[in-house]
Amino acid sequence: MAEFFTARSGDGPGLAVFVTGGDPPPNRLAELAILLDERGVDCLELAVPFPGSVTDGPVLRRSAQRALRRGTDLAEVLAFVAQIRPRLRRLRIALLADWSHSVRPMGDAEFVRRVADSGADGLLVHALPPRLRERHLAQAADVGLPVVTTCYATSPPAVRAVAARDATAYVYVVAAYGRSGTAPAGGYAGLGSVVAAVRAGSSVPVAVGFGVRTRADLLQIRAIGADAAVVGTAAVQAIERTERTGQDLLAGFDTFLRSMGIVDQLSEEGTHR
């Protein structure tokens, strides 16, 4: 079973970066994944694009629309995972897929089998119906596919406890209720008790996301005891900015990572390919 966020050094938390499959196109996305790997990022949260997400803000919606216009589908995203996985030395890939758009048409059992066969290290299913949760967890376990679970920081304790119990990859604590890109009104410092409660009920790392944009955000998330931060909207904005300005994708994204204090930790520790 793949381990997430266990090799982090330095004063920051582990890091998951969200990107939409197909935005940028697969050849550039492969280069971006290798950059993330080289810069010591722990996890690529890779979304299978789907239209009309009610939980996504405008930045992620635009990204999904660009990918869908390019014809990106589940088969292409899984093929990308299979192609890039052997080239990565530490970066884990957690696939995010929407239940109605990607999972239900294929059937859950076949879907999790194909995700596992692609080499993905974990799976997060968006909008999974609660009545199907136990079956989905069992089918993922049958093929050895770790599962990412989610809960809001504002969810009732019982809901957070279920997310903590069921996760086998990591628990994603959504810091603010609303659409992606929304940061908690009071910052992340007040979420320490939530993180502690989730960790107490889980055997896997706890990540915190939504609205994470700066180095200061990362340090706050580390200070409250989280194992990792999830950067989504800000990362997609960095990709979008390079497309808009004509800047090289890798140079622009590297600048973004460095602005958040992400450096090539593995090289600094003397590990090279």
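Residue numbers start at 1 and run along the sequence shown. These values consider heavy atoms only, across backbone and side chains, with no hydrogens, waters or symmetry-generated copies. Predicted model, so just to flag it, every value in this text is computed and none were measured.
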*Asks:* Please report the shortest heavy-atom distance between V81 and G119, naming the atom on each side.
*Replies:* CG1-C, 4.0 Å

*Asks:* Tell me if a side-chain donor or acceptor on T242 pairs with a main-chain N or O of L249 at a distance below 3.5 Å.
*Replies:* no

*Asks:* I would like to know whether R92 and D42 meet salt bridge (Lys or Arg N to Asp or Glu O under 4.0 Å); could you show each step before the answer?
*Replies:* CA-CA 6 Å; R92 301 301 186 190; D42 301 277; over 6 Å; no

*Asks:* Give the minimum heavy-atom separation between T55 and F210, together with the two atoms involved.
*Replies:* O-CZ, 4.4 Å

*Asks:* Once rounded to the nearest 0.5 Å, what's the spacing between atom CG of L95 and atom CG of L124?
*Replies:* 9.0 Å

*Asks:* Could you give the distance from CZ (R114) to CE (M106), rounded to the nearest 0.5 Å?
*Replies:* 3.5 Å

*Asks:* Salt bridge check: are D227 and R199 linked by an N-O gap of less than 4.0 Å?
*Replies:* yes

*Asks:* Within this structure, what is the SG-CG distance for the pair C43 and L36, rounded to the nearest 0.5 Å?
*Replies:* 10.0 Å

*Asks:* Grab the two heavy atoms, one from A226 and one from P13, that are nearest each other, plus how far apart they are.
*Replies:* O-CB, 4.4 Å

*Asks:* Has E45 got a side-chain atom pairing as donor or acceptor with V17's backbone, closer than 3.5 angstrom?
*Replies:* no

*Asks:* Rounded to the nearest 0.5 Å, what separation is found between the CZ atom of R62 and the CD1 atom of I239?
*Replies:* 12.5 Å

*Asks:* So do V236 and F18 actually touch side chain to side chain, heavy atoms under 4.5 Å?
*Replies:* yes

*Asks:* Report yes if the side chains of P25 and R70 come closer than 4.5 Å at any heavy-atom pair, otherwise no.
*Replies:* yes

*Asks:* Which pair of non-hydrogen atoms, one from S202 and one from V171, has the smallest distance, and what is that distance?
*Replies:* OG-CG2, 3.7 Å

*Asks:* Assess the residue pair Y188 and D217 against the criterion (side chain to side chain contact (heavy atoms under 4.5 Å, CB included)); give the C-alpha distance rounded to whole Å, side-chain angles, the decisive distance to 0.1 Å, and a yes or no.
*Replies:* CA-CA 7 Å; Y188 303 92; D217 293 337; 3.7 Å; yes

*Asks:* Working to the nearest 0.5 Å, report the span between CG of L15 and CE of M260.
*Replies:* 6.5 Å

*Asks:* Sequence neighbours left out, what passes salt bridge (Lys or Arg N to Asp or Glu O under 4.0 Å) with R61? Give chain and number order.
*Replies:* none

*Asks:* Taking it one step at a time, do R66 and E240 satisfy salt bridge (Lys or Arg N to Asp or Glu O under 4.0 Å)?
*Replies:* CA-CA 10 Å; R66 288 191 296 268; E240 194 174 57; 2.9 Å; yes

*Asks:* Please tell me whether I34 and F256 are part of a single hydrophobic cluster in this structure, the criterion being side-chain heavy atoms less than 4.5 Å apart.
*Replies:* yes

*Asks:* Any carboxylate oxygen within less than 4.0 angstrom of a Lys/Arg side-chain nitrogen, looking at D121 and R85?
*Replies:* yes

*Asks:* If we count only N and O atoms by modelled type, under 3.5 Å, do the side chains of R213 and Q237 hold a donor and an acceptor together?
*Replies:* yes

*Asks:* Is there a continuous path of hydrophobic side-chain contacts, each under 4.5 Å between heavy atoms, that joins L132 to L123?
*Replies:* yes

*Asks:* Show the nearest heavy-atom pair for residues V208 and L191, with the distance to one decimal.
*Replies:* CG1-CD1, 4.3 Å

*Asks:* When you compare the side chain of H126 with that of D56, does any pair of heavy atoms fall below 4.5 Å?
*Replies:* no

*Asks:* At what distance, to the nearest 0.5 angstrom, does CZ of R258 lie from CZ of R215?
*Replies:* 12.5 Å

*Asks:* Please step through side chain to side chain contact (heavy atoms under 4.5 Å, CB included) for the pair L35 and L32, ending with a clear verdict.
*Replies:* CA-CA 5 Å; L35 174 69; L32 182 59; 4.2 Å; yes

*Asks:* Heavy-atom distance under 4.5 Å between the side chains of R113 and D142, does that happen here?
*Replies:* no

*Asks:* The test is side chain to side chain contact (heavy atoms under 4.5 Å, CB included); show your working for Y152 and V173 and say whether it passes.
*Replies:* CA-CA 6 Å; Y152 285 101; V173 176; over 6 Å; no

*Asks:* Does T255 use its side chain to pair, donor to acceptor, with the backbone of A251 at less than 3.5 Å?
*Replies:* yes

*Asks:* Yes or no on side chain to side chain contact (heavy atoms under 4.5 Å, CB included) for F4 and V148, after CA distance, side-chain angles and deciding distance?
*Replies:* CA-CA 11 Å; F4 290 82; V148 181; 5.7 Å; no

*Asks:* Is it the case that the side chain of S180 and the backbone of G57 share a donor-acceptor pair, with hydrogens and angles ignored and the cut-off at 3.5 Å?
*Replies:* yes

*Asks:* Please check if V147 and V103 belong to a single hydrophobic cluster, counting links between Ile, Leu, Val, Met, Phe, Trp and Tyr side chain heavy atoms closer than 4.5 Å.
*Replies:* no

*Asks:* If every non-hydrogen atom of P49 is compared with every non-hydrogen atom of T20, which pair is closest and at what distance?
*Replies:* CB-CG2, 3.8 Å

*Asks:* Count I, L, V, M, F, W, Y as connected when their side-chain heavy atoms are under 4.5 Å apart, and connections chain through other members. Are L78 and V48 then in the same cluster?
*Replies:* yes

*Asks:* Relative to the ring of F50, is the ring of H101 parallel (under 30°), tilted (30 to 60°) or perpendicular (over 60°)?
*Replies:* tilted

*Asks:* State, yes or no, whether a side-chain contact exists between L96 and L46 at a heavy-atom distance under 4.5 Å.
*Replies:* no

*Asks:* Between R90 and D37, does at least one N-O distance fall below 4.0 Å, as a salt bridge requires?
*Replies:* no

*Asks:* Do V162 and V159 belong together in a cluster built from hydrophobic side chains that touch within less than 4.5 Å?
*Replies:* no

*Asks:* Taking W99's backbone N and O only, do any of them form a donor-acceptor pair with S102's side chain (distance below 3.5 Å, no angle check)?
*Replies:* no

*Asks:* Where the side chain of R160 meets the backbone of S155, is there a donor-acceptor pair that is under 3.5 Å apart?
*Replies:* yes

*Asks:* I'd like to know if R69 and D23 make a salt bridge, using a cut-off of under 4.0 Å between side-chain N and carboxylate O.
*Replies:* no

